[in-house]
Amino acid sequence: MSADSGTPRRAALATWPTPLEPAPRLARALGLGAEDLWVKREDLTGLGGGGNKVRKLEWICGAALAEGATTLVTTGAAQSNHARLTAAAGARLGLDVVLVLAGAAGSSTSGNLVLDGLFGATVVWAGEAGGTQLAAAAEEVAQRLRERGAVPALIPLGGSSPLGAYGYAECGRELLGQAPDLDTVVVALGSGGTMAGLVDTLGPGKVLGVDCGAVPDPADTVTGLVTALSGTVHAPETLRLRREQVGAGYSTLTEESMEALTLAGRTEGIALDPVYTGRALAGLRAAVRDGTVAPGQRTVLLHSGGLPGLFGHSDAVARCQEALTVLPVHE
């Protein structure tokens, strides 16, 4: 998608704009001023449990419909938020959905998989496959569908294509209308499309990406998507990235993420997830501590959703249950 390709077709899937809410108690707990921190509630998009992938899917599905697609095919981890929202989008639009997921039947339960089933998706388990192998498996599935007379639309991991990133270029414009004086937007960096769209609209200086370990070269991924989206070239080193929150790997629960989940829950009553938004807040917390984000600056934490993934993450569920205070009926 280039700058002169015109506005793509959009499939209406959600309610816009999403709220921008103050978070004074969380701000003070982080060491910011009470009026410094706001939360962009991308978890409140209204479709399928909410989340940032809906903005991407509106444009991706719009293109799929324009091309006569009958089936959406995408990939992800077993607890993929993107897969869950693709299933919901297919249900809304009357399209079949096939999810090609890493792992094996029974390797993950609850969480997003419950909603995948609720929304009527078909799951193909691809074994212990990485991004390249998942993409190849999805292409094999798409070819089988073509042989049966279906018209599949292949959606990349996380919906992170130039077309998907367009949704977050739009979000950047929406955010500027809500907070024209913003200094920094903090966002979880997974497959790269969300950060790329924001960078395209806001510039690299206003977007702080917290790497979640989903791709091996996040800076190159983001800048490549920006260039493909609008033709704008940014050197990877101009991006503001924090990479210390990955821990032992993408799907693992870090202590910093667990602390962030607890902090958001107990100061603002906001539920984050352990893989993405927990890491994003942990990265913001570290940025305040080292002065990268300072008091007096208008800072926005982009809440990209993912609540079902919390319930599908056994370590996080166990930690939350351990923290529950239980009193006897009679003392």
Side-chain angles (χ1 to χ4, degrees), residues 18-19 21-32 34 37-46 48-53 76-85 88 103 106-119 186-188 190 210 212-213 244-286 288-289 301-331:
T18 56
E21 299 178 346
R25 284 172 46 80
L26 178 57
R28 288 193 292 265
L30 293 173
L32 298 173
L37 181 64
W38 296 69
V39 181
K40 180 63 169 164
R41 297 298 302 270
E42 295 289 274
D43 57 321
L44 301 180
T45 51
N52 64 320
K53 306 302 183 182
Q79 286 294 332
S80 168
N81 296 306
H82 164 68
R84 179 246 308 167
L85 284 168
S107 61
S108 184
T109 58
S110 190
N112 280 304
L113 282 168
V114 173
L115 295 176
D116 295 341
L118 182 66
F119 300 144
V186 182
V187 60
V210 181
C212 299
E244 79 281 357
Q245 300 301 327
V246 174
Y250 166 78
S251 62
T252 60
L253 176 66
T254 67
E255 192 59 34
E256 293 83 1
S257 180
M258 191 66 224
E259 289 176 1
L261 263 68
T262 304
L263 190 63
R266 296 185 181 184
T267 57
E268 300 291 347
I270 293 176
L272 304 179
D273 81 288
V275 174
Y276 294 104
T277 51
R279 281 189 170 102
L281 179 55
L284 172 56
R285 192 181 189 191
V288 173
R289 286 173 172 169
L301 175 67
L302 190 138
H303 189 331
S304 53
L307 177 59
L310 171 62
F311 298 110
H313 199 295
S314 58
D315 290 341
V317 168
R319 290 288 296 274
C320 292
Q321 290 174 331
E322 289 169 5
L324 186 65
T325 300
V326 179
L327 296 175
V329 175
H330 304 291
E331 294 194 51

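These numbers come from the heavy atoms of this one structure, side chains and all, not from hydrogens, waters or symmetry mates. Computed from a predicted model, the values in this text were never measured in an experiment.
To the nearest 0.5 Å, atom CZ of residue R25 and atom CD1 of residue I270 are 11.5 Å apart. Within the model, atoms CG of D273 and OG of S257 stand 7.0 Å from one another, a figure rounded to the nearest 0.5 Å. Taking CG of L261 as the start and OG1 of T277 as the end, the distance is 6.5 Å to the nearest 0.5 Å. For the atom pair OG1 (T18) and CG (L302), the distance works out to 7.5 Å, reported to the nearest 0.5 Å.
Between L115 and G48, the shortest heavy-atom contact is CD1-O, 4.3 Å. Across all non-hydrogen atoms, the minimal contact from A23 to V39 is CB-CG2, 3.9 Å. Scanning both residues, L310 and A316, for their nearest heavy atoms gives CD1-CB, 3.8 Å. Residues Y250 and G213 share a closest heavy-atom pair of CB-O, 3.6 Å. Of all heavy-atom pairs between G278 and L272, the closest is N-CB, 4.1 Å. Taking every heavy atom of both residues into account, V186 and A280 meet most closely at CG1-O, 3.7 Å.
Checked by atom type and distance alone, the side chain of T45 pairs as donor or acceptor with a backbone atom of G51 at under 3.5 Å. At least one donor-acceptor pair under 3.5 Å links the side chain of T252 to the backbone N or O of G249. Formation of a donor-acceptor pair under 3.5 Å by the R279 side chain with backbone atoms of A260 is not found in this model.
Listed by first and then second residue, the side chain to side chain donor-acceptor pair (under 3.5 Å) pairs involving residues 305-316 amount to none (not counting sequence neighbours). Screening residues 248-272 for salt bridge (Lys or Arg N to Asp or Glu O under 4.0 Å) gives E255-R319, E259-R285 as the qualifying pairs, with residues at least two apart or on separate chains.
Residues satisfying the side chain to side chain donor-acceptor pair (under 3.5 Å) criterion with Q79, sequence neighbours excluded, are S108. Residues meeting the side chain to side chain donor-acceptor pair (under 3.5 Å) test with R41, sequence neighbours left out: E21, D43. Not counting sequence neighbours, the partners of N112 by the side chain to side chain donor-acceptor pair (under 3.5 Å) test are N81, R84. Every residue two or more places apart in sequence or in another chain that forms a side-chain contact (heavy atoms from CB on, under 4.5 Å) with A271 is listed here: L307.
Contact of the L26 side chain with the L30 side chain is registered, since non-hydrogen atoms from C-beta on lie closer than 4.5 Å. S304 is not listed as a side-chain neighbour of K40, based on a closest heavy-atom distance of 4.5 Å or more.
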